[in-house]
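These notes concern the structure reproduced below.
By convention in this document, chain letters (A, B, ...) are assigned in the order of the sequence lines, proteins followed by strands, and residues within each chain are numbered from 1. All of these numbers come straight from a predicted model, not from anything done at the bench.
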Protein chains: 2
Amino acid sequence: MVFRRIFGGKAGSSAYVLDTSLFVNPDARKYFGHTVHDAVVNFLAVAAKAKGIKFYMTPSVVKELKYFAEKELPSFKNIITIKAPSLYELKIPAIIMYKFIDELRSRVNAGLRVSEKFVRDEKTPLEEKLHKLRVQYKESLREGILDSEEDFEVLMLAKEMAATIMTMDQGLVKAAEELGVKCVSIDAFYDHMKEA
Amino acid sequence: MVFRRIFGGKAGSSAYVLDTSLFVNPDARKYFGHTVHDAVVNFLAVAAKAKGIKFYMTPSVVKELKYFAEKELPSFKNIITIKAPSLYELKIPAIIMYKFIDELRSRVNAGLRVSEKFVRDEKTPLEEKLHKLRVQYKESLREGILDSEEDFEVLMLAKEMAATIMTMDQGLVKAAEELGVKCVSIDAFYDHMKEA
């Protein structure tokens, strides 16, 4: 049981919350398969053998996966437990929200600077300007920060179940670090597999 | 003691956390004075007579007030207590942060739509475009939402001291309502004074 050694060993936990990125991120697909469907099928096959390890997924991540999948996903059977975090019961330290608001304020300002730059730009063709605006605006406002309810739910479910998050999302990793929630990336996970 | 009847009566609390807006918002200035300095002086004069009522202000609100004031502010003496919230000890329900992230995502998208509109606009003069962009971008991303660490500190201090917030800021009012923290606006407060 390679999985048991990895999960029960270094990571020090036997419960994992799976993030959408594990199945849709291009860097992740290379490990489990090139389509979302294949990635889920292959993950389930490996996970089914990993006795003693619990895998969780939030309903909103399931919904995202279904949206991204090319065809109907296979049944998770009892391999992945679907559970939402108890958002009305869980609490977070106020300092976390304080830091988040602080970070956001600089990002909102950065987003405005990006927008101003492209409003001033009279040389670049319109479609190119719009494309660059969207990319740079998203970078300013959303990259490396907890930018979706789905990510927040993953974080809270991991906290609730004292589980480790498997994610490729840097914003989620950063938020998990602040809250003292463990994270493993698919890369670290794959390296462990190769070593095992 | 008009103040004592108002604060100790309907508001049902004898501790108030004062927000910057009370002294700098144009709608508030008409009650206490037309400059920030006058507003503070007049507020202190009235508050000094309101025995049995505690007034709190966060260090960051004091800093903001000093920034906005035309000249050096008078001493708060023992009339206003300066205290920061215990951000490392206080906790907030996870659902609050969840809703905040949800709201933000739509606002970030709205901000991009505003930016795209002005990048596409080839008729309006540049300076006018930039001005409108800044106004509409700020409306999309910051109005009616908890948009600063200072506001969040006011909210948390009120929670910590079981106090009522005196603010004109709609984002702060909304956040206070979600957390069950009491708010009075200067308008309601002034109406009470006239009635008393």
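- Using the six-membered ring where Trp is involved, B:Phe152 and A:Tyr98 have ring planes that are tilted, between 30° and 60° apart.
- Residue A:Leu112 touches chain B through both its backbone and its side chain, counting heavy-atom pairs closer than 4.5 Å.
- Within the structure, salt bridge (Lys or Arg N to Asp or Glu O under 4.0 Å) pairs that include any residue of residues 81-101 of chain B comprise B:Lys83-B:Glu160 (at least two apart or interchain).
- Heavy-atom distances place the side chain of B:Leu104, and not its backbone, under 4.5 Å from chain A.
- Considering every non-hydrogen atom in both A:Ile101 and B:Asp147, the closest pair reads CG2-C, 4.1 Å.
- Across A:Val108 and B:Tyr137, no two heavy atoms sit closer than the pair O-OH, 2.7 Å.
- Listed by sequence position, the residues of residues 66-79 of chain A in contact with chain B number zero, using a 4.5 angstrom heavy-atom cutoff.
- Applying the salt bridge (Lys or Arg N to Asp or Glu O under 4.0 Å) test to pairs two or more places apart or on separate chains, those with a residue in residues 100-110 of chain B are A:Glu149-B:Arg105, A:Glu150-B:Arg105, B:Glu103-B:Arg107, B:Glu103-B:Lys174.
- Contact tally against chain B (heavy-atom pairs below 4.5 Å) for A:Glu153, A:Lys138, A:Lys159: the top residue is A:Glu153.
- Both the backbone and the side chain of A:Met97 come within less than 4.5 Å of a heavy atom of chain B.
- At a 4.5 Å heavy-atom cutoff, the contact between A:Arg142 and chain B is made by side-chain atoms alone.
- A search for salt bridge (Lys or Arg N to Asp or Glu O under 4.0 Å) contacts involving A:Lys63 returns nothing, not counting sequence neighbours.
- For A:Leu126, the part lying near chain B is the side chain, with the backbone staying farther off; criterion is any non-hydrogen pair under 4.5 Å.
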